[in-house]
Amino acid sequence: MAEMESAVEGRTASVLFAGFRALGLFSNEVPHVVRYSALKRRFYVTTCVGKSFHTYDVQKLSLVAVSNSVPQDICCMAADGRLVFAAYGNVFSAFARNKEIVHTFKGHKAEIHLLQPFGDHVISVDTDSVLIIWHIYSEEEYLQLTFDKSVFKISTILHPSTYLNKVLLGSEQGSLQLWNIKSNKLLYTFPGWKVGVTALQQAPAVDVVAIGLVSGQVVIHNIKYDETLMKFHQDWGPITSISFRTDGHPIMAAGSPCGHIGLWDLEDKKLINQMRNAHSTAISGLTFLHREPLLVTNGADNALRIWIFDGPAGEGRLLRFRMGHSASLTKIRYYGQNGQQILSASQDGTLQSFSTVHEKFNKSLGHGLVNKKIVKRKGLQNTMSVRLPPITQFAAEEARQSDWDGIIACHQGKRSCSTWNYQRSTIGAYFLKPRGVKTNSNLTATAVDITSCGNFAIIGLSSGAVDVYNMQSGIHRGNFGDDKAHTGSVRGVAVDGLNQLVVTAGSERLLKFWNFKSKVLIHSLGLDSSPNMMLLHRDSGILGLAMDDFSIAVLDIETRKIVREFSGHHGQINDMTFSPDGRWLISAAMDCSVRTWDLPSGCLIDCFLLDSAPLNVTMSPTGDFLATSHVDHLGIYLWSNISLYSVVSLRPLPPDYVPSIVMLPGTCQTQGMEDLEEKTEPSDEMIEYESPEQLSEQLVTLSLLPESRWKNLLNLDVIKKKNKPKEPPKVPQSAPFFIPTVPGLVPRFAVPEPSSDPQQSKVVNLGILAQKSNFYLKLEEGLLNNQYEAALNLLKELGPSGIETELRNLSPDDGGSVEVMRSFLSMIGMMLDRKRDFELAQAYLALFLKLHLRTLPSEPALLEELVKLSSQVEKDWTHLQSLFNQSMCVLNYIKSAFL
């Protein structure tokens, strides 16, 4: 017991769940990097997703590689033809094959925010305006330049085309400097335009550079003659990025902080088009592919998009994209029974589906619209004014998804609920509104559920009313209670799997059970605290209630009684989920903990902390993954269930157990596999249970030998007779290599002469059998020390024929003695006394009696031993027979009685 307690005290991390990977992360505020592979003749785009980066093939926007994680979030990236450089903190590393770190550069004291590859060197600039030039392969520092931040704080860097060993630096003060980094000389200082420089981009023409300013101006400047060729101005704020088309069209694209992109004609010097709301956040980066009409953009809204310019007016249309949520998630749930799709709602107002198998199966159900028909008829481009608020709760069922809508959702601050169609990936046809409600009331929908058949939706309102609607027609089909189901706000609704029972929870501390068909109240149960949320496991009929006092109550809807109560959370419980078999209840709370409760034992069996509070938690219908979403995180994080592929200890955790913080998984599936292998290795906590040879001295215990060793001992003579060959085998005569022939004109084979040697004798030398066997010797030793374990072990190793030979040789006629026969009977008595190897004792005794039936009556010593054994065998068998008869009686009653 002390070993078990010490093992539990030494455990701090989760033993049930291990980080697997993150879903729904595609981009952040770090600008993307475009590379061209001359070997494969393809473009690749690299985007940052926190502590790692993704590489996509531009042709199909398929994920090619996921890099290994770095200790901190990546703050900037750059790339050349061979390596990808990523900076995190005051360190940056070089990645080969888009995955593994091959070089690491340390030397900065402040955070790095600019990187510029430069042949065999790379330039890094930190926030203190310290510029360091590194040799890539030796990782040695080549040159360091320090600038005064108050005079020249570096904001951008560019290597002008055909300018050997030279870089152009832009500053927040507005001036620019051209440096020769080989000779360490300042060649020229451009006075600038008295506003900060935010972007630098090489134009297709030599000596011409585009300069983006904080004021929203884009200046096309000739740096050879220090002349301004043209200026453009955008009213959307500072210029975030610039790119030029190189496929024969003199077009420049400029990004803005509000997500708009301006397209400028350099020949006519005018704005020719606007790409409004290209992203919902600032344009982090935009790049025209070389000699192709494709524009790659990314932003902090977790989206990567590719636009193609094939229209007559030069406008761009969306060609391909990878998009996740751009705001925190409000609800996630697994969809379907295969465990491959996760539905998620977010504060950005969208409902999306993410695949746990491959990103190509992801799809977005879009934004909720107040009136989709008006939007289509009027052709509104900006739908912000008609979009629905974010979804707060939803319920989904795939039973009738091909016939009508299968998802019901309630929105923030809205009293009507929207329906969605998963198969068509769009908002549904109906808005389910409560009847008889004034327009200016503050009524909101607070809880929803959908029946397992997909025909009915149950909606709970803040007024306490609970309504039923038909999903196919959208018609109101009744409500529970005379006027209201509850006097307070409805906190949860649930329907059982057979559409017989509806359970509703109200803020007035009441839990009510209703008949689904008649809408009649069946039972009302008072609670100690107001419920915060409710979850029903339909297969087992177990209902979980999260309370406002941070406790959890578990009820059985058949008996309508509380069967378990759990406490331990120190913050509001945000979400709960059941394991597929209903044995575990997993809860997530604002105290940043995820706890697993074992329902049969009523104990806490697993707990771990996270660096960000979990908002939602859901478990796969197949039980292989646990999915979570977190505060200030845009992705869905998968945790693999270790108990499916490894032996884990499910010992209860003590009340004073202090868990450790577990890091969120990254987007790479192989992340943390080494740690996972270490966890699966046997530890002190995994104490293997070894079954004893006998559970109790009062129990009859059988041996572990197969039946073939003892079952056929009495029938060996019959078996040998059946297996006896019909005639003895004949030894074939060996043929000569050259067959002899008789000399003569006609060739004939010579007939072999019969052998004159006498036949070899087959008489066995009986002197060999005159020696005593090991079993015989052990029985003789047992007469002196009364220990028969060694003799019994020897007998267990023999086969049926060997056992018969040993027992036959115990007779005085075959070289044995009466004393040894008595020793054998004493060994059988010892086996019956200990009640071990019960079937072997019976089989050995039966064979002994069969072989020596004529000898035993003439020996008084043997008869005395046999009388003792007879009474002992009769006593044991009478006890066993009574137990067998009792069991058979109970079984016959169960089979024949009408229960």
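Residue indices begin at 1 and follow the sequence shown.
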K.L.:
Nearest 0.5 Å, please: how far is CG in L536 from CG in L555?
P.N.:
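Separation between the atoms: 10.5 Å.
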K.L.:
Between A627 and I332, what is the shortest heavy-atom contact and its length?
P.N.:
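Closest approach of A627 to I332: O-CD1, 3.8 Å.
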K.L.:
Check the pair R822, E864 against side-chain contact (heavy atoms from CB on, under 4.5 Å), reporting the backbone distance first and the verdict last.
P.N.:
CA-CA 9 Å; R822 187 169 63 86; E864 183 181 354; over 6 Å; no
K.L.:
Just how far is it from atom CH2 of W710 to atom CG of L795, taken to the nearest 0.5 Å?
P.N.:
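It is 14.5 Å, given to the nearest 0.5 Å.
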K.L.:
Any heavy-atom pair between the side chains of P812 and V818 that's under 4.5 Å?
P.N.:
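Of all side-chain heavy-atom pairs linking P812 with V818, at least one is under 4.5 Å.
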K.L.:
Given 3.5 Å as the limit, does a donor-acceptor pair link the side chain of S646 with the main chain of S643, or not?
P.N.:
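Judged by distance alone, no pair lies under 3.5 Å.
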K.L.:
As an exercise, state the distance from CZ of R21 to CG of L638, rounded to the nearest 0.5 Å.
P.N.:
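R21 atom CZ to L638 atom CG measures 6.5 Å (nearest 0.5 Å).
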K.L.:
Check whether any side-chain heavy atom of I605 lies under 4.5 Å from a side-chain heavy atom of W597, and answer yes or no.
P.N.:
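I605 does not reach W597 side chain to side chain.
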K.L.:
Looking at H879, is its backbone amide N or carbonyl O close enough to the side chain of S882 to form a donor-acceptor pair, meaning the two atoms are under 3.5 Å apart?
P.N.:
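Looks like yes, one N/O pair under 3.5 Å.
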K.L.:
Decide yes or no for L866 and L825: does some side-chain heavy atom of the first lie under 4.5 Å from some side-chain heavy atom of the second?
P.N.:
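They are in side-chain contact.
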K.L.:
With a cut-off of 6.0 Å (strictly less than), are more than 12 heavy atoms of other residues, nucleotides or ligands near CG of L704?
P.N.:
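It does not: L704 CG has 12 such atoms or fewer within range.
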K.L.:
Which of these passes ring pair (Phe, Tyr, Trp, His ring centres under 6.0 Å) with F625: F20, F354, W639?
P.N.:
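So, applying the ring pair (Phe, Tyr, Trp, His ring centres under 6.0 Å) to F625 and each of F20, F354, W639, only F20 qualifies.
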K.L.:
List the steps and the verdict of side-chain contact (heavy atoms from CB on, under 4.5 Å) for K720 and S801.
P.N.:
CA-CA 10 Å; K720 289 181 178 180; S801 299; 4.1 Å; yes
K.L.:
Looking only at heavy atoms, what is the nearest atom pair of L653 and C607, with distance?
P.N.:
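Nearest pair, atom of L653 first, then C607: CD1-N, 3.9 Å.
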K.L.:
Looking only at side-chain N and O atoms, does T577 offer a donor or acceptor that is under 3.5 Å from a partner on Y334?
P.N.:
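On atom types as modelled, these side chains do not qualify, holding no pair under 3.5 Å.
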K.L.:
Which residue pairs pass the side chain to side chain donor-acceptor pair (under 3.5 Å) test when at least one of the two sits in residues 829-847, sequence neighbours left out?
P.N.:
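Pairs touching residues 829-847 that pass the test: E693-R836, S703-E839, E789-R834, K796-D837, D833-Q872.
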K.L.:
Measure the shortest side-chain to side-chain distance between T628 and D575 over non-hydrogen atoms and say whether it is less than 4.5 angstrom.
P.N.:
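Of all side-chain heavy-atom pairs linking D575 with T628, none is under 4.5 Å.
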K.L.:
Rounded to the nearest 0.5 Å, how far does CG of L847 lie from CD of E806?
P.N.:
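Separation between the atoms: 11.5 Å.
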K.L.:
Decide yes or no on side-chain contact (heavy atoms from CB on, under 4.5 Å) for F17 and I586, but give the supporting numbers first.
P.N.:
CA-CA 11 Å; F17 302 105; I586 304 167; 3.7 Å; yes
K.L.:
Using side-chain heavy atoms (C-beta onward) and a distance below 4.5 Å, is L810 in contact with Y776?
P.N.:
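Yes - at least one pair of side-chain heavy atoms lies under 4.5 Å apart.
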K.L.:
Taking R564 for its side chain and V554 for its backbone only, find out whether a donor-acceptor pair lies under 3.5 Å.
P.N.:
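Flag not set: sc R564 to bb V554 has no pair under 3.5 Å.
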K.L.:
Taking the side chain as every heavy atom from C-beta outward, state whether S823 and E780 have any atom pair closer than 4.5 Å.
P.N.:
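No, every pair of side-chain atoms sits at 4.5 Å or beyond.
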K.L.:
With sequence neighbours excluded, what pairs up with S567 under the side-chain hydrogen bond (donor to acceptor under 3.5 Å, both in side chains) test?
P.N.:
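Expected list: none.
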K.L.:
Closest heavy-atom contact between A843 and L713?
P.N.:
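A843 and L713 have their closest heavy atoms at CB-CD1, 4.0 Å.
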K.L.:
Determine whether L869 and L845 satisfy the following criterion, side-chain contact (heavy atoms from CB on, under 4.5 Å), listing intermediate values before the conclusion.
P.N.:
CA-CA 10 Å; L869 285 178; L845 180 60; 4.1 Å; yes
K.L.:
Using the salt bridge (charged side-chain N to carboxylate O under 4.0 Å, His left out) rule, collect all pairs that involve residues 843-858, keeping only residues at least two apart or in two chains.
P.N.:
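Non-adjacent pairs meeting salt bridge (charged side-chain N to carboxylate O under 4.0 Å, His left out): D717-K850.
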K.L.:
Quick check for you: to the nearest 0.5 Å, what is the distance between H852 atom NE2 and D813 atom CG?
P.N.:
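Those atoms lie 9.5 Å apart.
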K.L.:
Counting C-beta onward and ignoring hydrogens, is there a side-chain heavy-atom pair between L695 and T701 closer than 4.5 Å?
P.N.:
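Heavy-atom side-chain distance check fails, nothing below 4.5 Å.
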K.L.:
Please check if the number of heavy atoms outside E558 that lie under 6.0 Å from its CD is greater than 12.
P.N.:
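No, not enclosed.
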K.L.:
In the structure I gave you, are the side-chain heavy atoms of L626 and N641 within less than 4.5 Å of one another anywhere?
P.N.:
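Side chain of L626 against side chain of N641, heavy atoms only: no contact under 4.5 Å found.
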K.L.:
Say whether, by atom type as modelled, one donor and one acceptor occur between the side chain of H537 and the main chain of P580 under 3.5 angstrom.
P.N.:
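Yes; judged by distance alone, with no hydrogens or angles, the pair exists.
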K.L.:
Can any side-chain N or O of D606 pair as donor or acceptor with the backbone N or O of V15 at less than 3.5 Å?
P.N.:
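At least one qualifying donor-acceptor pair exists.
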K.L.:
For G568 and R595, which heavy atoms make the closest approach, and how far apart are they?
P.N.:
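Distance-wise, the nearest heavy atoms are O-NH2, 3.2 Å.
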K.L.:
For residues C592 and P614, report the shortest heavy-atom separation together with the two atoms involved.
P.N.:
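Looking at all heavy atoms of both residues, the shortest contact is CA-CD, 3.7 Å.
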K.L.:
Give, for atom NZ of K99 and atom OG of S52, the distance between the pair rounded to the nearest 0.5 Å.
P.N.:
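Answer rounded to 0.5 Å: 9.5 Å.
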K.L.:
Between L840 and L705, what is the shortest heavy-atom contact and its length?
P.N.:
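Closest approach of L840 to L705, heavy atoms only: CD1-CD1, 3.6 Å.
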